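Report on the following structure.
What you see is a predicted model, and the numbers here were worked out from it, not measured in a lab. By convention here, the first residue in the shown sequence is residue 1.
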Amino acid sequence: PKSLQFFDRQIEQIQTAIDQHFDAHPPMKNLADNLLSIPGVGNKNVQFLVATLGRFDSLTDGCGTAKQLTAFVGLDPVPYQSGTSVLKRTAISKAGDPILRRYLFLGALGGKRGDNLLKAFYERLIQRGKHKMVALIACDRKILVWSWAIFRQNTTFDPQKACPAT
């Protein structure tokens, strides 16, 4: 119990330091606030998104695309291929940060519960016959692409721009 209390205090101190860092850097704080307007983005995964988007932007010198970001995170589809056999399902590459993918997945799980565009997107995929896991991974990618758009445009999430047909 004492070691668990010690680790809980350590986690609390680290979280406090992260919050102070965000407060000390207004552009970063503004980006985090903008990202929090996206369905499926919460207090736990916004920090990972800010770090990943900033890192990807610096690696691509500001010229990266959403498709490249998807591959950078490891959410890009990779078809199964072994000689002439193509009988297995397509999977994601998992080439990027597994922690960010985990937080995106948890964000998609939470985001599909509310009354928002993410839930509508998820339900459309299910109605089209997609498996639930495939639809959740597609929601992960959708959250990531929306986050990239918010990062690039420095604005809040606008449902009309994200899905103009609805």
Side-chain angles (χ1 to χ4, degrees), residues 1-78 91-122 132-159 161-162:
K2 288 184 180 182
S3 61
L4 290 178
Q5 291 172 352
F6 171 77
F7 286 126
D8 286 339
R9 282 194 308 271
Q10 292 290 331
I11 290 171
E12 191 175 303
Q13 288 175 355
I14 292 170
Q15 189 60 47
T16 303
I18 290 171
D19 291 340
Q20 289 173 350
H21 183 75
F22 271 69
D23 291 338
H25 297 86
M28 191 179 291
K29 175 82 169 147
N30 184 38
L31 174 61
D33 291 341
N34 290 343
L35 289 174
L36 285 171
S37 65
I38 299 172
V41 176
N43 292 327
K44 293 201 178 195
N45 59 1
V46 72
Q47 298 162 354
F48 290 97
L49 278 171
V50 167
T52 301
L53 295 174
R55 182 170 181 231
F56 178 73
D57 189 52
S58 68
L59 288 173
T60 60
D61 293 326
C63 298
T65 64
K67 198 177 240 187
Q68 291 171 333
L69 176 62
T70 302
F72 178 72
V73 172
L75 291 174
D76 54 323
V78 177
I92 59 172
S93 70
K94 298 183 182 179
D97 184 11
I99 295 171
L100 177 64
R101 277 196 312 277
R102 182 181 318 134
Y103 278 107
L104 284 172
F105 185 79
L106 292 174
L109 276 175
K112 76 176 183 73
R113 291 189 197 154
D115 185 23
N116 54 46
L117 285 179
L118 196 62
K119 179 180 182 178
F121 177 70
Y122 175 80
K132 290 181 180 179
M133 187 61 77
V134 171
L136 281 171
I137 297 297
C139 288
D140 295 353
R141 184 189 174 283
K142 186 66 78 173
I143 292 171
L144 187 65
V145 169
W146 285 341
S147 300
W148 181 242
I150 297 299
F151 178 83
R152 296 294 299 253
Q153 297 169 4
N154 194 20
T155 183
T156 58
F157 180 72
D158 183 9
K161 287 182 182 178

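At a threshold of 4.5 Å between non-hydrogen side-chain atoms, the residues Y122 and K132 count as touching. Within the 4.5 Å cutoff, the side chain of N116 has heavy atoms near those of the K119 side chain. Counting heavy atoms from C-beta outward, K142 and W146 have side chains that approach closer than 4.5 Å. With a 4.5 Å cut-off on side-chain heavy atoms, F105 and R102 do not count as touching. Residues L104 and V73 form a side-chain contact, since some pair of their non-hydrogen atoms from C-beta on lies under 4.5 Å apart. Residues L59 and F72 are in side-chain contact: their nearest non-hydrogen atoms beyond the backbone lie under 4.5 Å apart. Side-chain contact between R101 and D97 is absent, with no heavy-atom pair separated by less than 4.5 Å.
Between the CG atom of D140 and the OH atom of Y103 there is a distance of 14.0 Å, given to the nearest 0.5 Å. Expressed to the nearest 0.5 Å, how far CG of L69 lies from OG1 of T52 amounts to 8.0 Å. Interatomic distance, CG of L36 versus CD1 of I150, reported as 11.0 Å (0.5 Å rounding). In this structure, CZ in F48 is found 9.0 Å from CG in N45, a value given to the nearest 0.5 Å. Rounding to the nearest 0.5 Å places CZ of F22 at 5.5 Å from CD of Q47. Atom OG1 in T155 sits 9.5 Å away from atom CG in N30 (nearest 0.5 Å).
Within a 6.0 Å sphere centred on CD of E12, other residues, nucleotides and ligands contribute 12 heavy atoms or fewer. Remark: D115 CG is loosely packed, at most 12 non-hydrogen atoms of other residues, nucleotides or ligands lying under 6.0 Å away. More than 12 heavy atoms of other residues, nucleotides or ligands shown are found within 6.0 angstrom of CZ on R152.
Closest approach of F121 and C139 over heavy atoms only: CD2-SG, 3.8 Å. The heavy-atom pair separating V78 from S93 by the smallest distance is CG2-CB, 3.4 Å. Nearest heavy-atom pair across I143 and G107 is CD1-C, 3.9 Å. Taking each heavy atom of H25 and H21 in turn, the nearest pair found is ND1-O, 2.8 Å. Of all heavy-atom pairs between G64 and Q68, the closest is CA-OE1, 3.1 Å.
The aromatic rings of W148 and F151 lie parallel to each other, their planes meeting at an angle below 30°, with 60° marking the opposite boundary.
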**Prompt:** Going through the checks in order, is the side chain to side chain contact (heavy atoms under 4.5 Å, CB included) test met by L49 and L144?
**Reply:** CA-CA 8 Å; L49 278 171; L144 187 65; 4.1 Å; yes
Exercise. Determine, step by step, whether K2 and F6 satisfy the side chain to side chain contact (heavy atoms under 4.5 Å, CB included) criterion, reporting the C-alpha distance in whole Å, the side-chain angles of both residues, the deciding distance to 0.1 Å, and the verdict.
Key: CA-CA 6 Å; K2 288 184 180 182; F6 171 77; over 6 Å; no
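Listed for the S37 side chain is a donor-acceptor partner under 3.5 Å among the backbone atoms of F157.
With respect to T70, the side chain to side chain contact (heavy atoms under 4.5 Å, CB included) criterion is satisfied by exactly one of I92, T65, L75: L75.
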